[in-house]
Amino acid sequence: MVYAIVKAGGRQEKVAVGDVVVVDRLSAQAGSTVELTALLLVDGATVTTDASALAKVKVTAEVVRDEKGPKIDILKYKNKTGYRKRQGHRQKLTRLKVTGIS
């Protein structure tokens, strides 16, 4: 089993070939290929953490589509003052399909 820990969108994700990962929005079009930074590589019993060896590792992924996350409601209220504030947020996301680890 070959998998890698990659840095994507400020977070770390465990990916293998064929996995679909949702990360923060990338400025790439659907169908294009992006390369992710590998932080750790596991190939069977061999674990690679050396930075110079990981610089040669390429984790490629194909952009499936852009999407939005779930709606988050932000409500602020202060008692006895009449202060109420309502705000909503939907995070912009990109869905990636990992195509290769080499």
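A donor-acceptor pair under 3.5 Å links the side-chain atoms of Arg90 to the main chain of Gly69, judged by distance alone. When atom types are taken as modelled, the side chain of Thr99 and the backbone of Thr60 share a donor-acceptor pair closer than 3.5 angstrom.
Nearest heavy atoms, Leu26 versus Asp66: O-OD1, 4.5 Å. Of all heavy-atom pairs spanning Thr48 and Ala53, the tightest one is CG2-CB, 3.8 Å. The two residues Arg25 and Glu67 make their nearest non-hydrogen contact at NH2-O, 3.3 Å. For the residue pair Glu13 and Val22, the shortest heavy atom distance occurs at OE2-O, 4.1 Å. Minimum heavy-atom separation, Ala16 to Val2: CB-O, 3.7 Å.
Counting heavy atoms from C-beta outward, Leu93 and Lys68 have side chains that stay 4.5 Å or more apart. Residues Glu62 and Val64 are not in side-chain contact: their nearest non-hydrogen atoms beyond the backbone lie 4.5 Å or more apart.
Here the options are Leu41, Val59, Leu40, the test is side-chain contact (heavy atoms from CB on, under 4.5 Å), and the partner is Ile5; only Leu40 passes.
Taking the ring axis of Tyr83 as reference, the NZ or CZ atom of Lys76 does not stay both within 45° of it and closer than 6.0 Å to the ring centre.
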Practice task
Begin with the C-alpha distance, continue with both residues' side-chain angles, and end with the deciding distance and a verdict on side-chain contact (heavy atoms from CB on, under 4.5 Å) for Gln91 and His89.
Solution key: CA-CA 6 Å; Gln91 185 69 33; His89 177 76; 3.1 Å; yes
Exercise for the section: Would you please test Leu96 and Val63 for side-chain contact (heavy atoms from CB on, under 4.5 Å) and show each step? Expected result: CA-CA 5 Å; Leu96 302 174; Val63 177; 3.7 Å; yes
